[in-house]
Amino acid sequence: MIKISIDKAKPGMKIAKDIVNEAGMVVITAGKELTDALIEKLSIMNIDFVYVEGQKEMPPKEEVFEEIEKRFKKTTDSYTLLIKKALKTHIEELYK
């Protein structure tokens with residue numbers, strides 16, 4: 001399931017989670033396929049995002065590790081470095 005903004009929604013995408021309006025009323029049920037007209041209707045109803053079926057593409061592993069290194073660049077304390085190590089181990093597992 002991927003959360004996308006309504007302006008990124010495309011016809012043919014399937015709704016993965018019921019869409020509710022501001023009053024909490026279900027507007028579109030999960031499993032419904034989006035159409036141009038439905039996307040326009042959601043936009044008019046001020047629905048900002050929807051959950052659609054699928055998986056988000058992961059960036060290359062090297063980019064993820066570079067970002068981790070940048071974020072932990074000034075870190076020196078052992079507890080935070082332990083978190084960094086655990087994060088890198090977790091990322092490594094995701095890419096197997």
Side-chain angles (χ1 to χ4, degrees):
M1 173 168 45
I2 307 167
K3 180 180 177 180
I4 61 169
S5 63
I6 197 66
D7 61 325
K8 301 257 191 264
K10 304 272 188 256
M13 290 181 165
K14 280 196 176 180
I15 299 297
K17 186 176 177 182
D18 291 347
I19 299 173
V20 296
N21 63 13
E22 293 171 352
M25 191 168 90
V26 175
V27 178
I28 301 172
T29 57
K32 179 94 172 156
E33 195 169 292
L34 289 174
T35 63
D36 283 324
L38 202 50
I39 294 166
E40 180 65 26
K41 181 180 176 183
L42 292 170
S43 192
I44 291 169
M45 294 174 66
N46 293 321
I47 303 291
D48 297 326
F49 64 88
V50 293
Y51 288 93
V52 295
E53 292 180 1
Q55 290 185 333
K56 199 172 192 176
E57 265 189 50
M58 294 172 48
K61 182 170 66 171
E62 294 75 25
E63 284 181 23
V64 175
F65 282 127
E66 285 176 24
E67 186 63 30
I68 291 170
E69 289 302 324
K70 279 197 285 189
R71 290 178 183 259
F72 286 86
K73 185 177 181 178
K74 296 180 181 179
T75 302
T76 57
D77 73 274
S78 60
Y79 293 115
T80 307
L81 290 173
L82 188 59
I83 292 169
K84 175 184 172 186
K85 182 179 179 181
L87 179 59
K88 289 177 91 173
T89 301
H90 176 71
I91 297 297
E92 195 67 54
E93 289 295 316
L94 289 176
Y95 282 86
K96 285 187 177 181

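In this structure, the side chains of Phe49 and Lys8 stay at 4.5 Å or more apart for every pair of heavy atoms. A 4.5 Å side-chain heavy-atom check between Leu81 and Ile83 finds every atom pair outside the cut-off. Between Lys84 and Thr75 there is no side-chain heavy-atom pair separated by less than 4.5 Å.
Annotation for Ala16 and Val52: closest pair CB-C, 3.5 Å, computed over non-hydrogen atoms. Across every non-hydrogen atom of Pro11 and Asp36, the tightest pair is CG-OD1, 2.9 Å. The minimum heavy-atom distance linking Ile4 with Met13 is given by the pair CD1-SD, 3.7 Å.
By the criterion of side-chain heavy atoms lying less than 4.5 angstrom apart, applied directly or through intervening Ile, Leu, Val, Met, Phe, Trp or Tyr residues, Leu82 is not grouped with Leu87; the two fall into different hydrophobic clusters. Residues Phe72 and Val64 fall within the same hydrophobic cluster, defined by Ile, Leu, Val, Met, Phe, Trp and Tyr side chains chained together at heavy-atom separations under 4.5 Å. Linking Ile, Leu, Val, Met, Phe, Trp and Tyr whenever their side-chain heavy atoms come within less than 4.5 Å leaves Met58 and Ile2 in two separate clusters. Ile28 and Met1 fall into different hydrophobic clusters, where Ile, Leu, Val, Met, Phe, Trp and Tyr side chains are chained together by heavy-atom contacts under 4.5 Å. A single hydrophobic cluster is seen to contain both Ile68 and Leu94, as judged by linkage of ILVMFWY side chains at heavy-atom distances under 4.5 Å, directly or through other members.
Dense packing is recorded around OH of Tyr95, with more than 12 heavy atoms of other residues, nucleotides or ligands lying under 6.0 Å away.
One distance of note links CG of Leu38 with CD1 of Ile19; it measures 7.0 Å at 0.5 Å rounding. Atom CD1 in Ile6 sits 7.5 Å away from atom CD1 in Ile47 (nearest 0.5 Å). To the nearest 0.5 Å, atom NZ of residue Lys96 and atom CD1 of residue Ile91 are 13.0 Å apart. Between Asn46 atom CG and Glu22 atom CD the span is 6.5 Å, to the nearest 0.5 Å. Between Leu34 atom CG and Leu42 atom CG the span is 7.0 Å, to the nearest 0.5 Å.
Using a 4.0 Å cut-off between charged nitrogen and carboxylate oxygen, Lys88 and Glu69 count as a salt-bridge pair. Using a cut-off of 4.0 Å between Lys/Arg side-chain N and Asp/Glu carboxylate O, Arg71 and Glu67 are scored as salt-bridged.
Side-chain N or O atoms of Ser43 include none that pairs as donor or acceptor with a backbone N or O of Glu40 at under 3.5 Å. With hydrogens and angles ignored, the 3.5 Å screen pairs a side-chain donor or acceptor of Asp18 with a backbone N or O of Ala30.
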